[in-house]
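As structure tokens, the structure follows; a few thoughts come after it.
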Protein chains: 2
Amino acid sequence: MEPHSPLCPRFEKAIDLLSKRWTALIVFRLLDGPQRFVGIAGSLPNLSGKVLSERLRELEAEGLVRRDVYPETPVRIEYSLTEKGRDLAPLFDNIGRWAAKWIELPEDDRR
Amino acid sequence: MEPHSPLCPRFEKAIDLLSKRWTALIVFRLLDGPQRFVGIAGSLPNLSGKVLSERLRELEAEGLVRRDVYPETPVRIEYSLTEKGRDLAPLFDNIGRWAAKWIELPEDDRR
DNA sequence: TAATATTAATTACGTATAGTAAGTTAAAGA
DNA sequence: TCTTTAACTTACTATACGTAATTAATATTA
């Protein structure tokens, strides 16, 4: 049983970020272009507004997401990916290919 | 605000799987080769035995991990990746490259 | 035979994170 | 000033996680 080398802290941080619940799917949705709060919420039905709000803050703090306020009536707020965020696109391609190859769905989900 | 197409269920399932806490790191550790319970636990210091046990079962149920029992004294149990599990390796390469490019560490973590 | 040692796994219990639903804030037009 | 609407926020409940003690299995030792 040989010991492991410790994890690269950058790698560990990236995994922490991306494997937090909902974070990956929120980024994935934003890959389609800027989205408003209700738009993201509507496309991820099991994600609560509370958590979406938290995650968007975290993503903004990490520099993956930008928040733009348009003082219209009612106020419009758009979330979009920064370059750092958009650069995750290949990762999602990768997951998509893996899923297409390996994930079997139960009959009920296939119709 | 155009509506989103619903997520591909395979993709969604893959994300669910991989973004569950600790799962990705456990798979990553197993990419080095077969590991025993204590070995994995030792390499991920903040992961409790309880959750490691749960995750290994889930990964086994999903067909990413194989569990081999060697009835020695004391019993030796080895966990290893199946082909489905090993096929996630490029994903981790991808995350590693993204992290190297984008993750800035606080001074304290850099020494 | 009984006590011991070792690894894997489970259980009980407290804390943390997430989900639900109702409430609040802010902006501008009526 | 009142209304409307999107974007939060809060109080509460439920689920997931972490810690530490415990159990199971099995061979070795006293």
Side-chain angles (χ1 to χ4, degrees), chain A residues 1-4 7 12-13 15-30 33-62 65-81, chain B residues 1-4 7 12-13 15-27 29-30 33-62 64-81:
Chain A
M1 179 172 24
E2 47 219 275
H4 285 282
L7 286 172
E12 201 174 355
K13 171 112 198 240
I15 294 267
D16 272 6
L17 245 169
L18 295 170
S19 70
K20 205 155 184 177
R21 198 169 190 180
W22 296 112
T23 299
L25 286 177
I26 292 168
V27 171
F28 179 71
R29 277 310 193 188
L30 288 173
Q35 306 286 332
R36 300 172 67 175
F37 193 92
V38 282
I40 304 171
S43 73
L44 300 171
N46 298 314
L47 165 60
S48 68
K50 180 190 131 185
V51 173
L52 176 53
S53 183
E54 285 171 11
R55 290 297 177 274
L56 287 170
R57 272 173 207 286
E58 291 161 7
L59 287 169
E60 199 189 350
E62 294 292 342
V65 161
R66 204 178 74 197
R67 181 181 188 270
D68 290 307
V69 180
Y70 300 91
E72 302 167 357
T73 299
V75 64
R76 181 163 59 96
I77 294 173
E78 274 194 354
Y79 296 93
S80 55
L81 293 180
Chain B
M1 178 171 33
E2 49 219 274
H4 285 281
L7 286 171
E12 200 173 357
K13 170 114 198 237
I15 295 268
D16 272 7
L17 245 169
L18 295 170
S19 71
K20 206 155 185 179
R21 198 170 191 181
W22 294 113
T23 299
L25 286 176
I26 293 167
V27 171
R29 278 312 194 187
L30 287 173
Q35 305 286 332
R36 299 171 67 176
F37 192 92
V38 282
I40 303 171
S43 73
L44 300 171
N46 299 314
L47 164 61
S48 67
K50 179 189 134 188
V51 173
L52 176 53
S53 182
E54 286 171 10
R55 291 297 178 273
L56 288 170
R57 270 174 207 286
E58 291 162 7
L59 288 168
E60 198 188 352
E62 295 292 342
L64 284 95
V65 161
R66 204 177 73 197
R67 181 181 188 270
D68 291 307
V69 180
Y70 300 90
E72 303 168 357
T73 299
V75 63
R76 181 163 59 98
I77 294 173
E78 274 194 354
Y79 295 94
S80 55
L81 293 180

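Residue numbering restarts at 1 for every chain, and letters A, B, ... go by the order of the sequence lines. Every heavy atom of this structure was used, including side-chain atoms; hydrogens, water molecules and symmetry mates were not.
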- Query: Would A:Lys13 and A:Glu62 pass as an ion pair if we require N to O under 4.0 Å?
  - Reply: yes
- Task: Please answer whether the main-chain N or O of B:Arg21 pairs with a side-chain N or O of B:Arg55 as donor and acceptor at a distance below 3.5 Å.
- Result: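 Looks like yes, one N/O pair under 3.5 Å.
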What is the distance from [atom1] of [X] to [atom2] of [N], rounded to the nearest Å?
X       : N      : atom1 : atom2 : answer
A:Asn46 : D:dA16 : CG    : P     : 13 Å
B:Leu52 : C:dA9  : CG    : P     : 8 Å
B:Phe37 : C:dT6  : CZ    : C1'   : 14 Å
B:Leu56 : C:dT10 : CG    : P     : 11 Å
B:Asp16 : C:dA18 : CG    : P     : 14 Å
B:Asp68 : C:dA8  : CG    : P     : 13 Å
B:Glu54 : D:dG18 : CD    : C1'   : 11 Å
B:Trp22 : D:dC17 : CH2   : P     : 11 Å

I want to check one thing: is the phosphate of [N], taken as OP1 and OP2, less than 4.0 Å away from some side-chain N or O of [X]?
X       : N      : answer
B:Ser48 : D:dC17 : no
B:Arg21 : D:dA16 : no
A:Arg67 : D:dC8  : yes

- Query: Taking the side chain of A:Ile77 as its heavy atoms from C-beta onward, which of C:dA9, C:dT20, D:dA7 lies nearest to it?
  - Reply: D:dA7
- Message: At 4.0 Å (heavy atoms only), tell me whether A:Arg76 reaches a base, stays on the sugar-phosphate, or touches nothing.
- Response: nothing
- Query: So what does B:Tyr79 touch, heavy atoms closer than 4.0 Å: a base, only the sugar-phosphate, or nothing?
  - Reply: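 The answer is sugar-phosphate, as B:Tyr79 gets under 4.0 Å only of primed atoms, P, OP1 or OP2.
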- Message: Once rounded to the nearest 0.5 Å, what's the spacing between atom CG of B:Leu52 and atom CZ of B:Arg29?
- Response: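 Between B:Leu52 CG and B:Arg29 CZ, I get 12.5 Å after rounding to 0.5 Å.
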